[in-house]
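Since the structure comes first, as structure tokens, the remarks are kept for the end.
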Protein chains: 2
Amino acid sequence: MAEKETLVTVALTTEEKIKEAATKIFIEKGFAATRTRDIASEAGINLALLNYYFRSKEKLFEVVMTESLELFLVGLEEILNDVNTVLKDKIAGIAIHYIDLLKKHPDLPLFILTEIKANPSRLDDNVVVKEMLTQSNFYKQLEATTQKKVEPMHFIMNMLGVLVFPFVASPVLRGTAEQSKAEFDQLMEERKHWIPIWMEAMLKTLQA
Amino acid sequence: MAEKETLVTVALTTEEKIKEAATKIFIEKGFAATRTRDIASEAGINLALLNYYFRSKEKLFEVVMTESLELFLVGLEEILNDVNTVLKDKIAGIAIHYIDLLKKHPDLPLFILTEIKANPSRLDDNVVVKEMLTQSNFYKQLEATTQKKVEPMHFIMNMLGVLVFPFVASPVLRGTAEQSKAEFDQLMEERKHWIPIWMEAMLKTLQA
DNA sequence: CCCCCGTTTAATCAAATGATTAACGAAAAT
DNA sequence: ATTTTCGTTAATCATTTGATTAAACGGGGG
């Protein structure tokens, strides 16, 4: 039994197989470039089953998008609203959390950004990111630090920029090949240490 | 004559009309989601003319992508290799240059990143970004500053992150509506001033 | 044993889509 | 004036693509 060879035997239902295949291909190629036949083939199932379980390509995509947003945001809110940590701790926590997440799912940010831009209503139905941020304890601590000298949103952008952008830009920054995958991951690992330091340095520029 | 009403009378050739329409729609929706009929309609020409002038959707796209990459990179190389400026000047120059460019073409980065990822060979034929960076005078000055204490590529990523990411993420960060377009541009304008300061602060963390 | 019902399959459909063709027109060349 | 060339158009083609259908399959309950 080939299945016994893996530690936890995977016995996916047809529905799960479709969803996993769809997640892989949608995130890799985006909604418009994805063919339902490719999903069916990747899942190893008959094309009709896709419509049998999920009604349509659109509906299936919505499931994948909702779960992707959840994956991206889960764990964030509790860090943002932890009353036991100061700003620097939260920044460090976010850095570690997201670099670990994005090393596992490097395509996730570009997927979300592209599909939200293509159809902003996808976001409405799920979460309003900006509100989640601006009403957080994190944001209040940030405001206390910036003291109205500068819009706190600048530092949200800076944080997301130094944290997420390397993954978004990696296809362009890395040479074409795979050779540098390990080096890239090594760089990202280093950034867990540096990002809190850099963020603090940027925030300190206000004291001048 | 309606054409006389605009200052510079626009007398676009059919080929130019197609290219402009294609540029608009490809950048807005991406290659896969773009229909040749939409381009023809936007250009106000017969569908067959698209193939008459550009052979295929693919070939037309390549023209648009090449010009987009050029638009994104033109002006950069001369800043990077200016022998009369120090690192901080170059950073300030890059910030101003790109914020002006991206205020005009906010969709450009996401377009390039998405399409390069979908088909990395598109980059080979044009430029190798990483090499252009690492062989520049800018990079040498950066290396002189970081003094092997940390990989200079970290600061390339930081610079691009704080500079470009806000535009890439704007559909997610801004509420759905248009109401905040002006506010967003105002924030970006402020960043011309702050980015050099933030970058310097991050670079100074090495002296500790 | 057989019937029922959820699942699966192969075949097929209709619409969308990129591309081509043949005819037409008009301006330039002869 | 006639021919040639280039641009343009409407119609059409072949393929792709999302979706549906009717039949077959197969296990559980009666």
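Everything quoted here is computed from the prediction, not taken from an experiment.
- Counting only distance, with no hydrogens or angles, the side chain of Lys117(B) and the backbone of Glu28(A) share a donor-acceptor pair below 3.5 Å.
- For the pair Leu49(B) CG and dC6(D) P, the computed distance is 15 Å after rounding to whole Å.
- Rounding to whole angstrom units, CD1 of residue Ile45(B) and P of dG7(D) are separated by 14 Å.
- You can see that DNA chain C meets the heavy atoms of chain A within a 4.0 Å-exclusive cut from dG6(C) to dA10(C), reading 5' to 3'.
- Side-chain atoms of Phe165(B) and Val162(A), non-hydrogen and from C-beta on, never get closer than 4.5 Å to each other.
- One N or O on the side chain of Lys57(B) and one on the backbone of Thr34(B) form a donor-acceptor pair closer than 3.5 Å.
- Protein atom CZ of Phe61(A) is 14 Å distant from nucleotide atom P of dA19(D), rounded to whole Å.
- The main-chain N or O of Arg37(A) is never found under 3.5 Å from a side-chain atom of Ser41(A) such that the two would form a donor-acceptor pair.
- Side-chain atoms of Glu15(B) never come within 3.5 Å of backbone atoms of Tyr53(B) as a donor-acceptor pair (strictly under, hydrogens ignored).
- Side-chain contact between Pro109(B) and Leu102(B) is present, with at least one heavy-atom pair separated by less than 4.5 Å.
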Walk me through it: do Asp100(A) and Lys104(A) pass the test salt bridge (Lys or Arg N to Asp or Glu O under 4.0 Å)?
CA-CA 7 Å; Asp100(A) 282 339; Lys104(A) 264 182 265 176; over 6 Å; no
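- The side chain of Tyr53(B) places an N or O atom within less than 4.0 Å of a non-bridging phosphate oxygen (OP1 or OP2) of dT8(D).
- Rounding to the nearest 0.5 Å gives a distance of 3.5 Å between CD of Glu42(B) and NZ of Lys24(B).
- The nearest heavy atom of DNA chain C to Ala48(B) and to Ala48(A) marks one nucleotide each, and the one closer to the 5' end goes with Ala48(A).
- Atom-to-atom, CG of Asn46(B) to P of dT12(D) comes out at 14 Å; the value is rounded to the nearest Å.
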Below 3.5 Å is the cut-off: list the nitrogen or oxygen pairs between protein and nucleotides 15-18 of chain D, distance only.
from, atom 1, to, atom 2, distance (Å)
dT17(D), OP1, Arg35(A), NH1, 2.5
dG18(D), OP1, Thr34(A), O, 3.3
dG18(D), OP1, Lys57(A), NZ, 3.2
dG18(D), OP2, Thr36(A), N, 2.8
dG18(D), OP2, Thr36(A), OG1, 2.8
dG18(D), N7, Arg37(A), NH1, 2.7
dG18(D), N7, Arg37(A), NH2, 3.4
dG18(D), O6, Arg37(A), NH2, 3.1

